[in-house]
Chemist: 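Below: one structure in structure tokens.
Naming: A, B, ... by sequence-line order, numbering from 1 per chain. Values reported hereafter were calculated over all heavy atoms of this structure, with side chains retained and with hydrogens, waters and symmetry mates removed.
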Amino acid sequence: MNKKINTDIEILKSLNPEQQKATSHINGPLLIIAGAGSGKTRVLTSRVVYLIKNNVLPWNILALTFTNKAAKEMKHRIAELIDLQSADRVWAGTFHSIFARILRSEAELLGYNPYFSIYDADDQLSVIKKVMDLLQISKQQYSPQAIRAVISSNKNKMMSWRDFLKTADTPFDKKVVEVFKEYELYLKNTNAMDFDDLLLNMVKLLSLSNEILEKYQNKFKYILVDEYQDTNRVQYHILKLLAKAHQNICVVGDDAQSIYRWRGADIRNILDFQKDYPHGKTIRLEQNYRSTKTILKASNSVIKNNKNQIEKALWTENHEGDLIDVTECEDDRKEAEYIAKQVMEKSNKGLMKKDIAVLYRTNAQSLALENSFRMRSIPYVVVGGLSFFKRKEIKDVLSYIKLLINPLDNEALIRIVNEPPRGLGKTSIDHLSAFGRHKGISLFESFEIAEQNPNLQKRATKASKRFAGMINKYRELISSTSPDVLAKNLIEESGLIEMYEEISTDDSSDRLNNINQLLTDMSLYFNSNDELTLNDYLQQTSLATDYDEKDTSQDKVTLMTLHTAKGLEYEQIIIAGMEQGLFPLIRSEFSKDEEEEERRLFYVGLTRAKENLLLTYSRKRMKFGEVSNQIPSRFLEEIDSELLNFPNRRALTANGGRNNKKMNDFLSSLSNKKTPSKKNWSSEKKSEYNQIPQEENYSQINPTNERNDNAHLKVGDKVQHSSFGIGRISGLKGSGPKRQAVVRFDTVGRKMLMLKYAKLKIIE
DNA sequence: TAAAAAATCGTTTTT
DNA sequence: CGATTTTTTA
């Protein structure tokens, strides 16, 4: 290692002065404010290399990244610059994966066992639903989704259910407290942690004793954090604890690219860095190496509309570049076709397809794009969306293995017990689980002693014993059989494969393929290193994302959300769906903060482009299975017009959309009339952007041929709902059978109701 | 108990 | 519209 010290100069040579300063800073806190495309990843990597070359031991370095892929890339580059062994011994990974690893080895100290399961958002939701059933809380009245979100956001703020109890004043919040409490108990009892626990338990671990704290402070003498602007308060606390002794913490971030506030990311983390480390140094990287002057100017002109931001001046020596194309399309299908056509043209001109990315705000938008790409046989890859490991059949297979490893994992157990059908339906499970609770044993144990259960039918008893027997048989083989063979045999005996073979539809053969692919992946995994266990595999899969296995060797166009695009760059970026309500998303209409976050997301999107940008929007878009009229995004107006090639710009300033709205609605209602379905009157999803008051607008063109008991409802009316109780109408939208009311209920808060179903009674 | 039919929802973004 | 949940029926 030492012999390479004299190559220090080599590492620094290709860096600009600021980058050099950042790289060669060894001891003490360091904040790097790094603008988009300023080479921050490069600096981070060179800094790790520099540390190692200055005799810092690789295993004393903790490098926390936002994705597993970023960590892998970093290791790869370190290996190139030093050697593979050193690179492998650096602790590089995401917060979640590194801490999960540590928590496994220290599990007992926190009252878990090392084989704890990791629950993702779907598992969380399923636990919450069970808990709600148990507590007899109506899932109709209180959305499990919403409860999940509140629980998670509390955990992100380090608030326990006890803390939340103090501030919970609405009936909804009080229910959340109940569920929260029971949820935590359930997870603990099933030896499981959710994603938030992986961070929270790390704080708990480090707070356990000075001995433990020092152990990890000394293990991680040098800490580097990428994407610091997107860390939450829990992560902040962990870092503070770890860095306290040696103060060697280097964080890199760009407040302008903070796009995960909704997930608990707290911008204070970056703003308070100087307060927390008064002796810390701050370095700004402001030269952009990625984009053309035009793209950079456009990005800057957009982001300057945000009030909350750290002043900075991003500049570039790159050439001026082409204007940014903006194209209006008739509807989302035409938009997708247009994009496919543009991709073809660019490709014919010599641009590689893998240098093109299409970005969109919501995953749902990928469908139209995929169709048009398939139609033209353009090779593409969708990143994100439904991840491989979130597919039903894959989760089923993994649940068999989870149950093998962690017998307490009820989620896994309930998931697979009747998959394939074994004659153990809801009734049997309820009996089994009630018996388990009564006896104070786990659910799996109550399967084992099913014959003692008086409520269980003979058939179900037999099936329970048989199922438990099968799992136990394989559990005993764990130590003596190679993991991949064990898994394969278990899955074969489970009957899962047989089941899909028998169904033999397109869908089931897809699923079969996926299962085989998983089994192949497992044998590759275990053959690479015979130290690895099934537990390691589960750990890896539960924290894996599709995004991590992106294959750049093939020439394919990339499709992904704007969020997923963070940290990436392409020659050509296409952003689809530049429409009010979609991007920025509808909710941001009501909150300045959310609007600013949307704008930062747009900034992220724009700054992904090296050479060319194309922005598209549609006049009409299918939403909820019906046509909705769209208005171009206000973000388009925020880009200096001289930077745009925008033939339809008039449409923005002349406000064509709004003026023609009435006529459009009338015309579309006429054409829809032909089909005598309940979709007669094209509803107005976008009404909040419509300046014309809805009610008047419709009463004129909508002959009241529809029987509607609630036609006379007005904003401000006090109404009674059969299950939600009393509330006041705060908004009305839509017409005919699709007419909806926004009602603020005393008990459950804001609800959007279809008048056709809701049967509201006017009280005042 | 399980399959088929009907009803009810719901859309951000993800480690 | 499509996915998921609830209800009905065999």
Chemist: Kindly say whether A/Arg621 contributes a backbone atom to a donor-acceptor pair with the side chain of A/Ser618 at under 3.5 angstrom?
Modeler: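 No.
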Chemist: Map A/Lys426 and A/Arg148 onto DNA chain B by nearest heavy atom, then report which one ends up closer to the 5' terminus.
Modeler: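 It is A/Lys426 whose nearest nucleotide is closer to the 5' end.
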Chemist: Which residue, A/Arg459 or A/Leu601, contacts DNA chain B at a nucleotide closer to its 5' end, judged by nearest heavy atom?
Modeler: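 Whichever sits nearer the 5' end wins; that is A/Arg459.
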Chemist: Output the rounded distance in Å from CZ (A/Arg422) to C1' (B/dA3).
Modeler: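 After rounding, the gap between these two atoms is 19 Å.
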Chemist: When both hydrogen-bonding distances must be under 3.5 Å and the geometry is Watson-Crick or G-U wobble, what is B/dA2 paired with, if anything?
Modeler: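 Pairing partner, where one exists within any strand: C/dT9.
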Chemist: Heavy atoms only, 4.0 Å cut-off, all strands: where does A/Phe95 land among base, sugar-phosphate and nothing?
Modeler: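 Nothing, no heavy atom under 4.0 Å.
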Chemist: At 4.0 Å (heavy atoms only), tell me whether A/Ser428 reaches a base, stays on the sugar-phosphate, or touches nothing.
Modeler: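 Counting heavy atoms under 4.0 Å across all strands, the contact made by A/Ser428 is with sugar-phosphate only.
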Chemist: Base, sugar-phosphate or nothing for A/Lys392? Non-hydrogen atoms, less than 4.0 Å.
Modeler: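 No contact.
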Chemist: Between A/Tyr603 and A/Arg600, is there a cation-pi geometry (under 6.0 Å to ring centre, at most 45° from the normal)?
Modeler: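 Judged by the rule, A/Arg600 and A/Tyr603 form no cation-pi pair.
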Chemist: Tell me whether the OP1 or OP2 atom of B/dT15 has a side-chain N or O from A/Thr67 closer than 4.0 Å.
Modeler: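 No, because none of the side-chain N or O atoms of A/Thr67 sits under 4.0 Å from OP1 or OP2 of B/dT15.
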Chemist: Please check if the side chain of A/Arg148 supplies one atom and the backbone of A/Leu125 the other of a donor-acceptor pair under 3.5 Å.
Modeler: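 Not confirmed, A/Arg148 side chain does not pair with A/Leu125 backbone.
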Chemist: Does B/dT15 have its OP1 or OP2 closer than 4.0 Å to a side-chain nitrogen or oxygen of A/Asn156?
Modeler: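 No, no such contact exists.
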Chemist: Would you call A/Lys620 and A/Glu579 a salt bridge, taking side-chain N to carboxylate O under 4.0 Å as the test?
Modeler: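 The answer is no: the pair does not qualify as a salt bridge.
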Chemist: Looking across every strand, which nucleic acid part, if any, lies under 4.0 Å from A/Asp120 by heavy atom: base, sugar-phosphate, or nothing?
Modeler: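 Touches nothing.
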Chemist: Does A/Trp262 lie flat on the base of B/dT13, that is, centres under 5.5 Å apart and planes under 30° off?
Modeler: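 So A/Trp262 counts as stacking on the base.
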Chemist: Taking atom C1' in both B/dT11 and C/dT6, what distance in whole Å separates the two?
Modeler: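 The same atom, C1', in both gives a distance of 22 Å.
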Chemist: Can a side chain N or O of A/Lys566 be found less than 4.0 Å away from OP1 or OP2 on B/dT14?
Modeler: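 No.
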Chemist: Go ahead and name the base partner of B/dT13; Watson-Crick or wobble counts if both distances stay under 3.5 Å, otherwise write none.
Modeler: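 Here B/dT13 is not engaged in any pair, so there is no nucleotide opposite it.
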Chemist: Kindly say whether A/Asn156 contributes a backbone atom to a donor-acceptor pair with the side chain of A/Arg263 at under 3.5 angstrom?
Modeler: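 It does not hold such a pair.
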